[in-house]
Amino acid sequence: MSIHPSASRLLAASHALPQPHQTRPEGSLTLLKDAVLLRGRAHEACGGARCSFALWLAGATYGPVVWISAPQENAHLNPDGICEFADPARFLWVSPSRQDDILWVMEEALRCGGAPLVVAELPSPPAITPVRRLHMAAASGATAAPDGLPPLGLLLTPGAGGAQGIESRWSMQPAHHARQRCWQLELLRARAQPPRQWKITQAAPRRPLVEPPGGKESHQLANPPAQQKAAALPRLRGASAAPLPP
């Protein structure tokens, strides 16, 4: 099995895209003051709004985004929901014919270095060996990356997650209030950061997700609370489906 030729061409074309001016190579992706993801590593996101977390990362990066998932009949991310965070035209959708090939495709996409963000939807958390391979592939991707920065891998897992050997594990749950778009973000595990949680909001589409003005500072968690069940990012099931907020 191999990635479709059109995918290879798109990843190669990313080298010709204009890149933002960099005064120095950045080894991490900063979402909030204390919410940082190390590049060149594989991370995990769980919770009802884990797809929104992935789209948040997409909006914080430049260039193509490779999104890998198992074939699902009449089910895909709502482009109107994607627009709230990033340009849907940046996304390259890859659906391996076999579910077991999802991690292999992710590894190859990270090693290619053409996409700064590679996302994979998984039915269950992977074991430690494939995660270690993802770390190595992401680290080596800096050699071919057009901006010299290593790509970032993100695994989307159900429930409370649990991938072994992951660099960090995040949980994001929707906490919308009336027409205000809000989420509960938690850092459940990280190699170099203590557990934390934030309440975040988005003032308007394509605007950064931030802590609300006058809100309390993020705080460390001695024992992160159990995950709450919530609706995931809406998916279209037919052309007549109305777009919903993620």
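Values reported hereafter were calculated over all heavy atoms of this structure, with side chains retained and with hydrogens, waters and symmetry mates removed.
- From Met172, atom CE reaches atom CG of Leu156 across 12.0 Å, with rounding to the nearest 0.5 Å.
- Here Asp87 does not pair with Arg90 in a salt bridge; the nearest charged N to carboxylate O distance is not below 4.0 Å.
- Between Trp170 and Trp198, the ring planes are parallel. Angles under 30° get that label, and only those over 60° would be called perpendicular.
- Between Leu209 and Leu31 the shortest side-chain heavy-atom distance does not fall below 4.5 Å.
- Between Leu188 and Ala160 the shortest heavy-atom distance is CD1-O, 4.5 Å.
- Within 6.0 Å of the CZ atom in Arg207, the count of heavy atoms belonging to other residues, nucleotides or ligands does not exceed 12.
- Of the N and O atoms on the side chains of Ser168 and Arg41, not one donor lies less than 3.5 Å from an acceptor on the other residue.
- Residues Gln99 and Pro123 have side chains in contact (heavy-atom distance under 4.5 Å, counting atoms from C-beta outward).
- For the pair Leu55 and Trp67, the minimum side-chain heavy-atom distance is below 4.5 Å.
- Looking only at distances, no side-chain donor or acceptor of Gln197 sits under 3.5 Å from a matching main-chain atom of Leu185.
- Electrostatic pairing of Arg191 and Glu167 counts as a salt bridge here, judged by a charged N lying under 4.0 Å from a carboxylate O.
- Put simply, the side chain of Pro151 does not reach to within 4.5 Å of the side chain of Pro116, judged on heavy atoms.
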